[in-house]
Amino acid sequence: MNLIMTVISITVALSTILAIVAFWLPQMNPDYEKLSPYECGFDPLGSARLPFSLRFFLVAILFLLFDLEIALLLPLPWGDQLPSPLLTFLWAAAVLILLTLGLIYEWLQGGLEWAE
């Protein structure tokens with residue numbers, strides 16, 4: 001019980017100290033640029049009917065797709081500890097092959113080029 005109270009008191013003290021430092025450490029007078037809203041490079045006070053670049057959304061979706069791939073492959077080192085790791089490695093290889101084929105298709109279609 002004494003160990004639990006020590007850990008809780010250290011956690012509370014550290015959290016309090018970090019919160020106090022976070023309030024007092026940063027610069028307290030931000031300039032105009034920091035106070036202005038940012039909307040993906042567009043002026044938020046201008047017209048709302050400006051065309052969006054589909055290339056921007058394509059790159060964002062590809063980034064999310066490959067980020068999800070990393071999340072799916074994170075348990076792979078623990079799959080080596082299973083009694084039959086072959087099935088885990090086959091599924092991981094299938095995911096990698098599918099994503100690689102999709103990337104090659106996107107590349108050949110010219111979806112990754114910014115200039116036309």
Side-chain angles (χ1 to χ4, degrees):
M1 189 66 166
N2 194 11
L3 179 64
I4 294 174
M5 290 306 293
T6 304
V7 169
I8 290 175
S9 62
I10 290 173
T11 304
V12 169
L14 186 62
S15 300
T16 306
I17 290 170
L18 288 176
I20 291 171
V21 168
F23 278 116
W24 292 105
L25 190 62
Q27 186 178 6
M28 291 298 177
N29 45 358
D31 58 354
Y32 174 74
E33 291 295 324
K34 288 185 180 179
L35 292 176
S36 66
Y38 181 73
E39 292 289 332
C40 298
F42 293 103
D43 183 20
L45 302 176
S47 174
R49 302 289 180 213
L50 292 174
F52 286 100
S53 172
L54 289 179
R55 305 273 183 191
F56 173 78
F57 291 111
L58 178 66
V59 170
I61 288 172
L62 285 174
F63 173 76
L64 289 174
L65 183 68
F66 284 102
D67 197 32
L68 179 65
E69 170 206 354
I70 291 172
L72 287 174
L73 294 178
L74 273 177
L76 193 57
W78 288 280
D80 191 27
Q81 307 295 324
L82 294 174
S84 61
L86 182 64
L87 185 63
T88 304
F89 291 131
L90 287 177
W91 278 108
V95 167
L96 286 175
I97 289 170
L98 183 66
L99 285 172
T100 304
L101 289 176
L103 181 64
I104 291 170
Y105 175 76
E106 197 68 41
W107 193 334
L108 292 177
Q109 293 297 320
L112 299 176
E113 296 180 14
W114 287 101
E116 294 184 16

(message) Are Phe23 and Ile20 connected into the same hydrophobic cluster when the rule is that any two of I, L, V, M, F, W, Y join if their side-chain heavy atoms are below 4.5 Å apart?
(response) yes
Just distance, no hydrogens or angles: give the donor-acceptor pairs under 3.5 Å from side chains in residues 86-100, sequence neighbours left out.
residue	atom	partner	partner atom	Å
Thr100	OG1	Leu96	O	2.6

(request) Any chance you could pull the hydrophobic cluster mates of Leu82, using side-chain heavy atoms under 4.5 angstrom and chaining through other members? (result) none
(request) Indicate yes or no for a side-chain donor-acceptor contact from Ser15 to the backbone of Val12 under 3.5 Å, with no hydrogens or angles considered. (result) no
(message) Any heavy-atom pair between the side chains of Ile8 and Ile4 that's under 4.5 Å?
(response) yes
(message) Looking at every non-hydrogen atom in both residues, tell me the closest pair between Pro85 and Gly79 and how far apart they are.
(response) CB-O, 3.2 Å
(message) So, taking the atom named CD1 in Ile10 and the one named CE in Met5, what distance separates them when rounded to the nearest 0.5 Å?
(response) 11.5 Å
